[in-house]
2 protein chains.
Amino acid sequence: MHTVDEIVEIMASQGLRITDQRKTLARLFADTAGYLTPKAIYEYMGKSYSGLSFDTVYRNLRVMEELGVLEQVMFEDGVKFKLHCKGHDHHHHMICLQCGHTLPVTFCPMNELDVPEKFQVVKHKFEVFGYCEQCGAQTGDEASKGKL
Amino acid sequence: MHTVDEIVEIMASQGLRITDQRKTLARLFADTAGYLTPKAIYEYMGKSYSGLSFDTVYRNLRVMEELGVLEQVMFEDGVKFKLHCKGHDHHHHMICLQCGHTLPVTFCPMNELDVPEKFQVVKHKFEVFGYCEQCGAQTGDEASKGKL
DNA sequence: TTCGATGCAAAGATTTTGCATTTCC
DNA sequence: GGAAATGCAAAATCTTTGCATCGAA
C-alpha cells in the first residue's frame with residue numbers, strides 16, 4: 001500500500017507536475033482499501049473542483065496506471081481502479097460485492113495446480129467475491145442484490 | 001457442452017423462434033471451444049447474412065445468455081461469450097491468450113482456502129492464462145504480445 | 001394470421017482526442 | 001517563460017432502444 005506522499009513522490013520523480021487535482025486523487029486512493037469506478041472518482045473529485053471534466057480524470061487515471069501506482073481491473077459492471085499491490089508478496093483478494101473493499105488472500109492456487117506441460121502459463125487470476133463484515137451484517141438477505 | 005440441436009431445442013422450448021440466424025449462432029458456439037467477442041461473432045455471421053446488423057447479434061447473444069446457453073465474461077479487452085459450462089461438474093479454465101480456446105481445470109482453490117468467518121462468500125473466479133499447445137508453438141517469443 | 005425477429009436509425013454510455021487556455025515549476 | 005495540465009467540445013467505441021417491416025409457426 002502507498003501513502004499520499006509516496007504516490008506524489010512517484011509522480012514527481014517521473015517529471016509529472018503535482019497539481020491540486022492529482023494530490024486529491026492520490027489522497028483518495030491512499031484512503032481507499034478497494035476498487036473505485038471512474039464515475040465514482042469523478043463524482044468525488046467534483047466536490048472539490050467545480051469545473052472538473054471527465055477527460056482529465058481519465059487522463060490522470062491512465063497516467064497513474066502507467067506509473068504503476070494504480071491497477072485497472074475489469075468487472076462485470078465495468079472498469080475499476082485501485083492502488084497497485086506491488087511491493088507486497090504475491091497474493092490475491094477477497095472483494096466485497098457491496099462496497100468494493102478488499103482483503104488479501106495469501107494462498108495461491110498456482111502452487112497446487114497441476115498444469116499440463118503443453119500449456120505455457122503467463123498469468124492467473126483468483127478472486128473471491130462476497131460480503132465483508134460490515135456489508136454482510138447490514139444487508140442481510142438483500143446481500144444477493146449486489147452487482148460488482 | 002451443448003450440441004447445435006440441444007441449443008436449438010432450449011430456445012424452441014422457451015417459445016423463441018428458430019431463425020436461420022439463430023441456428024447459425026448455435027452452430028458457431030457449438031463448434032467453438034472458447035471465447036468469442038461480439039465483433040468476431042458479427043463478422044462471422046456477416047459472411048452468411050449480407051444485411052446483418054450488430055444490434056440483432058447483440059439481442060440474440062443476450063437472449064441466449066438469459067436462457068443459460070451462453071455465458072458472458074469480462075476480459076481486459078472487453079466482453080466475450082462462450083457456451084455455458086452447466087451440466088458439468090464445477091471447474092475452472094485455462095484460457096489461451098492467442099486464440100481464446102479453453103481447457104478445463106478440475107482443481108478448485110476454494111476447497112483449500114481458509115476463509116475468514118467474517119467474510120460471506122458468494123462466488124469466486126479462478127482463471128489461468130497462457131498459450132495452448134498450438135499457439136505456444138506457433139508464436140514463440142511473440143507469445144507475450146497477446147492481449148486477452 | 002399473428003406475434004416475435006430483424007434491419008435501420010438514432011440514442012446512450014463510456015472513453016479518447018484536438019486545441020485553446022491556464023498553471024505549475 | 002516554457003512545457004505540461006486542464007476544460008471544453010467533439011469524436012470514437014461499444015451497446016441498447018424505438019419502430020416499421022419481415023417471417024416463422
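Every value quoted in this text rests on a predicted model; they were computed, and no experiment measured them. Residue numbers start from 1 in every chain, and the chains themselves are labelled A, B, ... in the order their sequence lines are given, proteins ahead of strands. Below, all heavy atoms of this structure are taken into account, side chains as well, without hydrogens, waters or symmetry copies.
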ask   = With the threshold set at 4.0 Å, does a side-chain nitrogen-carboxylate oxygen contact exist between B/D31 and B/R27?
value = no
inquiry  = How many whole angstroms separate atom CG of A/L67 from atom C1' of D/dA5?
reply    = 14 Å
task = Verify the contact: side-chain N or O of B/Q21 to OP1 or OP2 of C/dG7, cut-off strictly under 4.0 Å; return yes or no.
result = yes
task = Measure the distance from CD on B/Q14 to C1' on C/dG4 and round it to the nearest whole Å.
result = 15 Å
query = Taking side chain as C-beta onward, heavy atoms only, is B/T32 less than 4.5 Å from B/K82?
reply = no
query = Roughly how far, to the nearest 0.5 Å, is the CD atom of B/Q21 from the CZ atom of B/R59?
reply = 10.0 Å
task = Using heavy atoms to find the nearest nucleotide of DNA chain D for B/F54 and A/G15 separately, return the residue whose nucleotide is more 5′.
result = A/G15
ask   = How is A/R59 classified with respect to the nucleic acid when contacts are heavy atoms under 4.0 Å: base, sugar-phosphate, or nothing?
value = base
ask   = Which nucleotide, D/dT16, C/dC3, D/dA9, lies nearest any side-chain atom of B/D55?
value = D/dT16
remark   = Among D/dG23, D/dG7, C/dT6, the one nearest any side-chain atom of B/T19 is C/dT6
ask   = What is the distance from OH of B/Y49 to P of C/dC8, rounded to the nearest Å?
value = 15 Å
inquiry  = Working to the nearest 0.5 angstrom, can you tell me the gap between B/T56 OG1 and B/R22 CZ?
reply    = 9.5 Å
Proximity to the side chain of A/L16 - top-ranked nucleotide from D/dA5, C/dG7, D/dG7 = D/dA5
query = Can you check the B/N60 CG to D/dA24 C1' distance for me, whole Å?
reply = 14 Å
Among C/dC3, C/dT23, D/dC8, the one nearest B/R17 by side-chain distance = C/dC3
query = In whole Å, what is the span from the CD1 atom of B/I18 to the P atom of D/dG23?
reply = 17 Å
key: Check: D/dA5 base within 3.5 Å donor-acceptor of A/D20 side chain   = no
inquiry  = Could you measure the distance from the CG atom of A/L113 to the SG atom of A/C108? Nearest 0.5 Å is fine.
reply    = 9.5 Å
request  = Please state how far atom OH in A/Y42 lies from atom C1' in D/dC8, giving the value in whole angstrom units.
outcome  = 11 Å
query = CG of B/D77 versus P of D/dT13: gap in Å, rounded?
reply = 16 Å
query = Does OP1 or OP2 of C/dA5 have a side-chain N or O of B/T56 closer than 4.0 Å?
reply = no
task = Let me know the distance between CE of A/M11 and P of D/dA5, rounded to the nearest Å.
result = 10 Å
task = Give one of base, sugar-phosphate or nothing for A/R22, where a contact means two heavy atoms less than 4.0 Å apart.
result = sugar-phosphate
